[in-house]
Amino acid sequence: MTVATASDKEGPLHGIKVLDLTRVLAGPWATQLLADYGADVIKVERPGTGDDTRSWGPPWLSKTSEAAGSDSAYFLSANRNKRSVTANLDNPAGADIVRALANTTDVVIENFKVGTCRRFGLDYERLSAANPALIYCSISAYGQTGSRAEEPGYDAVVQASGGLMSITGAPDDEGGSPQKVGVAVADIMAGMYAASAILAAIVLRQQTGEGQYIDVPLYDSQVAWLANQNMNYLIGGEVPQRMGTAHPNLVPYQAFRTRDGYIMVAVGNDRQFRSCLESIGRADLADDPRFLTNAARIEHRKVLIDIMQLAFGNRDSSAWLQTLAACAVPAGPINSIDAVLSGDYATERQLVRPVPHASGGSVPTVANPVRFSDTPVTYRSAPPELGQDTRNVLENELGLSMAEIDELIAAGAI
């Protein structure tokens, strides 16, 4: 009997076709995740310019300039394992091409301004009439209905208006101000919600044979994943504030300054707290009624943190991390990204994977964190060059001849 190796096996979404009408980050993040899981993702882009983020640099893949035709690192972060087809949706023949592709696909995902797809004849009602099994997902700033549906929105605006910036950054009395997170987490989380919703719809379609429409707003997604901060307000009635690295529900759970830098300490229960006190030489505080329980520690937060900070300032970070680890206290360094991606653990876990690029070389990409035991995530190709698969897709998916494709190019449709 021949046993298939991981490299021989297809991803769990092998056989699922996705038509990707998205750009920037939320939509491309969702479709990259589906592509990682084995789906065949066809990314439709505007001729000549493509996805907005192709020009969001530097840095560029060529390490020279945008003028050299190279894509930005930003674009490369969210578009691996996809095929690129160009289509001019303002040209009726270009829109016809996309409709034809939608007739043969399982999933359509778009993140145009509300109403745009209807104008192009690419809305759910029209496409699902021809393909009832179609799963159609729209990502937008504020959803498809409501008073703000037609407003545009970018990640930073949603981080601000959706509450995240109000709890991110140091408090005012420490000289802080509202801060956005260092990556576009509102986009990324909306993309994650979209991907999980699409997977749920695929499961239901296996039972009913019918597709459905999915509406994923960035704003609603941002509000949803405020998690315990939402519930702190709804249950406790107090508006959450900026606390820097500190935690509203756990103490001690924050960064501490050491003699040569900072470390993060994350104490999650009373046993860990006692161990933490022993590690910093303050076991005498273990039975202090002010610190016996987490609730008591929250009440006396400032006193405790001042005591702990005094101790942590006496030794270097590396020494403290060794001591805390020996006492089973959760703690870690505050690493820069170069340290994260080039350290021994990154090598051990293969966190950076090279993938083949159309130029003939390879592109480094950060690994998908999911590890399936039987159907591994695949790293088939780097993000595509603009339109590199147009002829192949139109010929093999729609049966067009080379002459017909040439006519579409001449007409400005693709």
[X] side chain to [Y] main-chain N or O, any donor-acceptor pair under 3.5 Å?
{"X": "Gln272", "Y": "Gly268", "answer": "yes"}
{"X": "Ser362", "Y": "Val355", "answer": "no"}
{"X": "Asp260", "Y": "Ser317", "answer": "yes"}
{"X": "Ser72", "Y": "Thr53", "answer": "yes"}
{"X": "Arg282", "Y": "Leu277", "answer": "no"}
{"X": "Thr293", "Y": "Ala296", "answer": "yes"}
{"X": "Thr378", "Y": "Arg380", "answer": "no"}
{"X": "Asn131", "Y": "Ala102", "answer": "yes"}
{"X": "Glu174", "Y": "Pro171", "answer": "no"}

For [X], give me all partners under salt bridge (Lys or Arg N to Asp or Glu O under 4.0 Å), at least two apart in sequence or on another chain.
{"X": "Arg148", "result": "Glu151"}
{"X": "Arg23", "result": "none"}
{"X": "Asp173", "result": "none"}
{"X": "Glu348", "result": "none"}

Over 12 foreign heavy atoms within 6.0 Å of [atom1], [X]:
{"X": "Leu234", "atom1": "CG", "value": "yes"}
{"X": "Met192", "atom1": "CE", "value": "no"}
{"X": "Glu125", "atom1": "CD", "value": "yes"}
{"X": "Asn396", "atom1": "CG", "value": "yes"}
{"X": "Arg257", "atom1": "CZ", "value": "no"}
{"X": "Gln309", "atom1": "CD", "value": "yes"}

How far apart are the closest heavy atoms of [X] and [Y], and which atoms are they?
{"X": "Gly143", "Y": "Pro217", "result": "N-CB, 3.4 Å"}
{"X": "Ile334", "Y": "Ala255", "result": "CD1-CB, 4.1 Å"}
{"X": "Val393", "Y": "Ile42", "result": "CG1-CD1, 3.8 Å"}
{"X": "Arg46", "Y": "Asn88", "result": "NH1-OD1, 4.4 Å"}
{"X": "Asn269", "Y": "Val267", "result": "O-CG1, 3.5 Å"}
{"X": "Gly94", "Y": "Leu89", "result": "O-CD2, 4.4 Å"}

Do Arg54 and Phe75 form a cation-pi contact, if we require the NZ or CZ to be under 6.0 Å from the six-membered ring centre and within 45 degrees of the ring's axis? yes
Below 3.5 Å, can you tabulate the donor-acceptor pairs from side chains in residues 176-187 to any protein atom, sequence neighbours excluded?
from, atom 1, to, atom 2, distance (Å)
Ser177, OG, Gln179, NE2, 3.0
Gln179, NE2, Ser177, O, 3.4

Take Leu226 and Ile167, measure what side-chain contact (heavy atoms from CB on, under 4.5 Å) needs, and give me the verdict at the end. CA-CA 10 Å; Leu226 291 179; Ile167 57 171; 4.1 Å; yes
Would you tell me whether [X] and [Y] have side-chain atoms, one donor and one acceptor, within less than 3.5 Å of each other?
{"X": "Ser84", "Y": "Glu45", "result": "yes"}
{"X": "Gln32", "Y": "Asp36", "result": "no"}
{"X": "Asp270", "Y": "Asn294", "result": "no"}
{"X": "Arg353", "Y": "Thr365", "result": "no"}
{"X": "Asp20", "Y": "Thr31", "result": "yes"}

Test side-chain contact (heavy atoms from CB on, under 4.5 Å) applied to Ala346 - qualifying residues, sequence neighbours left out: Leu351
side-chain contact (heavy atoms from CB on, under 4.5 Å) partners of Ser381, counting only residues at least two apart: Asn81
Output yes when [X] and [Y] qualify as a salt bridge under the 4.0 Å nitrogen-oxygen rule, no when they do not.
{"X": "Glu299", "Y": "Arg290", "result": "no"}
{"X": "Lys82", "Y": "Asp389", "result": "no"}
{"X": "Arg99", "Y": "Asp96", "result": "yes"}

With ring pair (Phe, Tyr, Trp, His ring centres under 6.0 Å) as the rule and sequence neighbours excluded, what pairs involving [range] come up?
{"range": "residues 247-277", "value": "His247-Tyr253, Phe256-Phe312"}
{"range": "residues 84-108", "value": "none"}
{"range": "residues 186-223", "value": "Tyr124-Tyr213, Tyr136-Tyr213, Tyr142-Tyr219"}
{"range": "residues 353-406", "value": "Tyr37-Phe372"}

[X] [atom1] to [Y] [atom2] distance, which is reported to the nearest 0.5 Å:
{"X": "Leu34", "Y": "Ile202", "atom1": "CG", "atom2": "CD1", "value": "7.0 Å"}
{"X": "Ile414", "Y": "Thr86", "atom1": "CD1", "atom2": "OG1", "value": "5.5 Å"}
{"X": "Ile109", "Y": "Ile214", "atom1": "CD1", "atom2": "CD1", "value": "8.5 Å"}
{"X": "Cys117", "Y": "Leu21", "atom1": "SG", "atom2": "CG", "value": "6.0 Å"}
{"X": "Asp123", "Y": "Gln144", "atom1": "CG", "atom2": "CD", "value": "10.5 Å"}

Min side-chain heavy-atom separation [X]-[Y] under 4.5 Å:
{"X": "Asp306", "Y": "Lys302", "result": "yes"}
{"X": "Leu400", "Y": "Glu395", "result": "no"}
{"X": "Asn368", "Y": "Arg80", "result": "yes"}

Restricting to side chain to side chain donor-acceptor pair (under 3.5 Å), what partner residues turn up for Asp40, sequence neighbours left out? Arg83
Are Lys113 and Ser140 close enough, and set up right, to give a side-chain contact (heavy atoms from CB on, under 4.5 Å), and what steps lead you there? CA-CA 7 Å; Lys113 186 178 178 182; Ser140 61; over 6 Å; no
Stepwise side-chain contact (heavy atoms from CB on, under 4.5 Å) check, Val158 with Met165: CA-CA 9 Å; Val158 172; Met165 285 179 61; over 6 Å; no
Where do Leu324 and Ile263 land on the side-chain contact (heavy atoms from CB on, under 4.5 Å) test, with the steps shown first? CA-CA 11 Å; Leu324 292 166; Ile263 60 171; 3.8 Å; yes
